[in-house]
Enquirer: 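Quick one: structure below, then a few questions.
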Protein chains: 2
Amino acid sequence: MVDEMSPVPFYVQLADALAKQIESGKLKPRQPLPSESTLQQEYGVARGTVRSAVRLLRERGLVVTFTGRGTFVSDK
Amino acid sequence: MVDEMSPVPFYVQLADALAKQIESGKLKPRQPLPSESTLQQEYGVARGTVRSAVRLLRERGLVVTFTGRGTFVSDK
DNA sequence: GGTGATTTGTTCGTATGTATT
DNA sequence: TAATACATACGAACAAATCAC
């Protein structure tokens, strides 16, 4: 879930949470992230918020996304 | 782009620019306007500003808007 | 090959909050 | 106070690509 009281935007909180899972090895290279719909439900946010978070991860080079397939942890 | 120094609000400048393209025939009846997101980037303004501009055009009967599809130049 | 479900991509609709003028 | 402008966040509809069967 996301911290409603934090001044940090939800999409940044979510991006940070996912980045942590990637850096800790919980999500490994080439492995898929949960789908947008799954992340929506797990974190209790709207799809647009999930997409903003994933966009950040993409901009940081942590993940790559393919239409119709999903988003995957980048190779290092 | 929009003129930061002008006393005219951004959304009015943008509406005028689009109206000009419609009246000049550069944007023809039934043709779609650029999306809100495209106009944001092209003119360097926020989405709310784009929406205010398009609202003006709608009030003038120059365009019609459909959810999930876009905004189109009105038939005359 | 075909159909339906899943997943991401794109678009507009709406509401709230903040800052500035 | 009111108008402008930006950012965030929700929802809805539709499209394109892929997958499962």
Enquirer: How would you list, by chain and number, every residue that makes a side-chain hydrogen bond (donor to acceptor under 3.5 Å, both in side chains) with A:Arg69, sequence neighbours excluded?
Expert: none

Enquirer: With a cut-off of 3.5 Å and sequence neighbours excluded, list every side-chain donor-acceptor pair involving residues 6-17 of chain B.
Expert:
unit_1  : atom_1 : unit_2 : atom_2 : d
B:Ser6  : OG     : B:Val8 : N      : 2.9
B:Gln13 : OE1    : B:Asp3 : N      : 2.8
B:Gln13 : NE2    : B:Asp3 : O      : 3.1
B:Gln13 : NE2    : B:Val8 : O      : 2.8

Enquirer: Nearest whole angstrom, please: distance from the P of D:dA3 to the CD of B:Gln13.
Expert: 19 Å

Enquirer: Roughly how far, to the nearest 0.5 Å, is OG of B:Ser74 from CZ of B:Arg58?
Expert: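 Answer for the CZ-OG pair, B:Arg58 versus B:Ser74, is 10.5 Å.
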
Enquirer: If the condition is side chain to side chain contact (heavy atoms under 4.5 Å, CB included), which residues does A:Gln41 pass it with, not counting sequence neighbours?
Expert: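 A:Gln41 satisfies side chain to side chain contact (heavy atoms under 4.5 Å, CB included) with A:Ser37 only.
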
Enquirer: Rounded to whole angstroms, how far apart are CZ on B:Arg51 and C1' on D:dA7?
Expert: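 Checked: the CZ to C1' distance equals 15 Å.
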
Enquirer: So if you build clusters from Ile, Leu, Val, Met, Phe, Trp, Tyr with side-chain heavy-atom gaps below 4.5 Å, do B:Leu18 and B:Val2 land together?
Expert: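 Yes, one cluster joins them.
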
Enquirer: Going 5' to 3' along DNA chain C, between which two nucleotides do contacts with chain A fall, using a heavy-atom cut-off of 4.0 Å?
Expert: C:dT7 to C:dT10

Enquirer: Which angle, to the nearest 10 degrees, lies between the helix axes at the two ends of the helix from C:dG2-D:dC21 to C:dT21-D:dA2, each defined by five pairs?
Expert: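 The end-segment axes of the helix from C:dG2-D:dC21 to C:dT21-D:dA2 are tilted 10° relative to each other.
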
Enquirer: Got a sec, which hydrophobics cluster with B:Phe72, joining ILVMFWY side chains under 4.5 Å apart, including via others?
Expert: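 The other cluster members (ILVMFWY side chains, heavy atoms under 4.5 Å, direct or chained) are B:Val64, B:Phe66.
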
Enquirer: For A:Thr38, enumerate each residue passing the side chain to side chain contact (heavy atoms under 4.5 Å, CB included) test, keeping only those at least two apart in sequence or located in another chain.
Expert: A:Pro34, A:Ser35, A:Glu42

Enquirer: Pairs of donor and acceptor atoms involving the side chains of residues 45-55 of chain A, under 3.5 Å and at least two apart or interchain, shall be tabulated with distances.
Expert:
unit_1  : atom_1 : unit_2  : atom_2 : d
A:Arg47 : NE     : A:Glu36 : OE1    : 2.7
A:Arg47 : NH2    : A:Glu36 : OE1    : 3.1
A:Arg51 : NH1    : A:Glu36 : OE2    : 2.7
A:Ser52 : OG     : A:Gly48 : O      : 3.1

Enquirer: Tabulate protein N/O versus nucleotide N/O from nucleotides 8-15 of chain D, keeping only pairs under 3.5 Å, one per line.
Expert:
unit_1 : atom_1 : unit_2  : atom_2 : d
D:dT8  : OP1    : A:Tyr11 : OH     : 3.0
D:dT8  : OP2    : A:Tyr11 : OH     : 3.3
D:dA9  : OP1    : A:Phe10 : N      : 2.5
D:dA9  : OP2    : A:Phe10 : N      : 3.3
D:dA9  : OP2    : A:Tyr11 : N      : 3.4
D:dC10 : OP2    : A:Ala46 : N      : 3.0
D:dC10 : OP2    : A:Thr49 : OG1    : 2.2

Enquirer: What is the distance, rounded to the nearest whole Å, between atom CZ of B:Arg55 and atom C1' of D:dA5?
Expert: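 Going from CZ in B:Arg55 over to C1' in D:dA5 covers 13 Å.
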
Enquirer: Under a 3.5 Å distance rule, please check whether A:Thr71 uses its side chain to pair with a backbone N or O of A:Thr65 as donor and acceptor.
Expert: no

Enquirer: Please list, chain by chain and in numerical order, all residues satisfying side chain to side chain contact (heavy atoms under 4.5 Å, CB included) with A:Lys26, sequence neighbours excluded.
Expert: A:Gln21, A:Ser24

